Amino acid sequence: MVMPDKGLSAPMNAKLTGSGAETVVLAHGFGGDQTVWDKILPVLSQHFRVLVFDWGFSGAVKEQEGLFDPVKHSSYEGFAFDLISLLDELDLKSTAFVGHSMSGMIGCIASVKRPDLFKHLILLGASPRYLNTDGYEGGFGIEQIDQILSSIESDYHGWASNFASLGVDPHDTLSVETFTECLRRMRPEVALPLAKTVFLCDHREVLASVTTPCTIVQTTNDIVVPNSVAHYMHDKIQGKTTVEMMEADGHFPQLTAHQQLLDVLGRILGFECV
């Protein structure tokens with residue numbers, strides 16, 4: 001893997017806010033950008049330095065050319081190298097990494113390669129594999145994934161609206177609109193290869209190599225990631241691991257149940273929400 005010759009912090013819109021001895025990194029998932037953290041960022045910034053950024057696939061990135069490479073990013077390893085490069089560039093070590101959805105496993109892979117960069121992994125709605133297989137419930141059959149990929153290819157913006165209402169929480173219209181706009185900003189020619197990378201991935205073998213302490217945070221009603229995945233990851237991760245179940249709907253508690261999520265993060269990171 002060839003490491004980038006130039007810095008990633010500017011093209012990835014990296015921003016450090018707050019102050020404190022510890023750094024929290026917030027990494028968004030498929031179709032999102034750093035604005036999905038807007039509801040929890042002010043509170044976290046009162047207690048920590050907080051890093052937010054946009055992955056190269058995000059529609060918030062102005063110059064995607066070279067930042068998202070369908071070959072390099074055909075697996076989470078490519079994203080893990082980007083994350084490592086970004087943290088090295090900003091001279092951040094022993095961070096508390098909050099990875100939502102696909103970013104949870106990206107953080108796991110990066111932690112195996114560079115454990116010095118991570119003090120704690122908080123895996124929010126994360127999954128090592130979305131496809132069902134013998135003895136493993138990922139949440140989707142191959143026919144469902146084929147339909148998702150076909151819909152993205154034929155009518156990306158129509159699919160984006162449907163996916164946002166299902167994945168977020170149909171009862172929270174403002175949050176659905178927020179994520180819908182994020183999805184629509186992503187280019188369809190980027191969305192399709194990325195969706196293949198995400199929905200067809202299988203990173204279960206990585207879990208046994210993860211030694212960084214982990215907390216798996218899972219909502220009780222997530223159509224993207226079944227509750228069984230959280231317990232599967234708990235059993236397979238080598239390092240000390242706990243599971244925090246949130247009584248909430250949807251795959252985006254940072255949008256739909258942010259106060260509840262802050263309470264969970266407060267217990268994990270050792271701060272009190274007022």
Side-chain angles (χ1 to χ4, degrees), residues 1-38 40-41 44-45 48-124 126 182 185-187 190 193-194 197-198 201 203 206 209-210 212-214 254 265 269:
M1 179 66 66
V2 178
M3 300 300 284
D5 293 326
K6 56 184 180 180
L8 290 174
S9 60
M12 291 176 71
N13 303 324
K15 299 181 183 70
L16 273 167
T17 61
S19 61
E22 297 185 60
T23 301
V24 174
V25 179
L26 302 177
H28 68 81
F30 175 92
D33 59 42
Q34 62 184 264
T35 62
V36 300
W37 304 111
D38 282 355
I40 69 170
L41 183 59
L44 291 178
S45 297
F48 309 98
R49 279 198 306 171
V50 184
L51 172 66
V52 292
F53 64 91
D54 299 315
W55 288 116
F57 60 75
S58 170
V61 172
K62 294 179 181 177
E63 298 294 334
Q64 286 184 327
E65 201 66 38
L67 203 57
F68 177 79
D69 181 341
V71 176
K72 174 185 175 183
H73 297 108
S74 62
S75 81
Y76 288 174
E77 287 236 342
F79 292 104
F81 276 107
D82 288 347
L83 176 61
I84 290 168
S85 297
L86 180 63
L87 296 182
D88 277 342
E89 180 186 342
L90 297 173
D91 195 27
L92 300 177
K93 288 184 170 58
S94 296
T95 66
F97 178 82
V98 183
H100 177 236
S101 201
M102 65 181 284
S103 285
M105 285 308 302
I106 292 169
C108 287
I109 294 168
S111 75
V112 173
K113 297 179 183 298
R114 289 285 304 279
D116 59 305
L117 300 179
F118 304 94
K119 180 181 180 181
H120 198 116
L121 298 175
I122 300 171
L123 311 176
L124 180 61
C182 286
R185 284 195 291 268
M186 189 166 64
R187 293 185 300 168
V190 169
L194 179 63
T197 296
V198 173
C201 74
H203 294 292
V206 172
S209 300
V210 176
T212 302
C214 296
Q254 66 270 54
L265 292 176
L269 299 173

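Just so it is clear, the model here is predicted, and its values are computed rather than measured. What you see below is based on every heavy atom in this structure, not just the backbone, and it leaves out hydrogens, waters and symmetry mates.
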Evaluate Phe57 against His73 for ring-ring contact (aromatic ring centres under 6.0 Å, His included), listing each step before the verdict.
CA-CA 9 Å; Phe57 60 75; His73 297 108; 8.5 Å; no
Can you tell me how far apart CG (Leu194) and CZ (Arg187) are? Round to the nearest 0.5 Å.
12.0 Å
Find out whether Asp88 and Arg114 are in side-chain contact, i.e. whether some heavy atom of one side chain is under 4.5 Å from a heavy atom of the other.
yes
Do Val36 and His100 make a side-chain contact, defined as non-hydrogen atoms from C-beta onward lying under 4.5 Å apart?
no
Test side-chain contact (heavy atoms from CB on, under 4.5 Å) on Glu77 and Lys113; report intermediate values, then the result.
CA-CA 10 Å; Glu77 287 236 342; Lys113 297 179 183 298; 3.4 Å; yes
Going from CE on Met12 to CG on Leu83, what distance comes out if it is rounded to the nearest 0.5 angstrom?
7.5 Å
If you apply the rule side-chain contact (heavy atoms from CB on, under 4.5 Å), what do you find for Gln254 with Val98, and how did you get there?
CA-CA 11 Å; Gln254 66 270 54; Val98 183; over 6 Å; no
Would a distance-only check, ignoring hydrogens and angles, find a side-chain to backbone donor-acceptor pair under 3.5 Å from Glu89 to Leu8?
yes
Distance, nearest 0.5 Å, that separates CG of Asp54 from CZ of Arg185
9.0 Å
Kindly give the heavy-atom pair with the smallest separation between Ala14 and Leu90, and that separation in Å.
CB-CD1, 4.4 Å
Taking side chain as C-beta onward, heavy atoms only, is Leu117 less than 4.5 Å from Leu92?
no
Taking the side chain from His28 and the backbone from Trp55, do they hold a donor-acceptor pair closer than 3.5 Å?
yes
Minimum heavy-atom separation for Val210 and Ser111, please, with both atom names.
CG1-OG, 4.1 Å
Heavy atoms only: give me the nearest Ser103-Phe97 pair and the separation to one decimal.
O-CE2, 3.3 Å
Find the distance between CG (Leu44) and CG (Leu269) and round it off to the nearest 0.5 Å.
7.5 Å
Given Leu87 and Phe118, is the side-chain contact (heavy atoms from CB on, under 4.5 Å) satisfied, shown in steps?
CA-CA 10 Å; Leu87 296 182; Phe118 304 94; 3.8 Å; yes
Side chains of Ile109 and Phe79, heavy atoms from C-beta outward: is any pair under 4.5 Å?
no
Return the CZ to CD1 distance between Phe81 and Ile106, rounded to the nearest 0.5 Å.
13.0 Å
Given side chains that start at C-beta, do those of Asp82 and Lys72 come closer than 4.5 Å, heavy atoms only?
yes
Which atom pair, heavy atoms only, marks the closest approach of Phe68 to Pro193?
CE2-CG, 4.3 Å
Could you check whether any side-chain heavy atom of Phe53 comes within less than 4.5 Å of a side-chain heavy atom of Asn13, counting everything from C-beta outward?
no
Ser101 side, atom OG; Leu123 side, atom CG - distance, nearest 0.5 Å
11.5 Å
Exercise: identify the closest heavy-atom pair between Gly32 and Ser58
O-OG, 3.3 Å
Where do Ala126 and Gly104 come nearest, in terms of heavy atoms and distance?
CB-CA, 4.0 Å
Compare all side-chain heavy atoms of Cys108 with those of His203 and state whether any distance is below 4.5 angstrom.
no
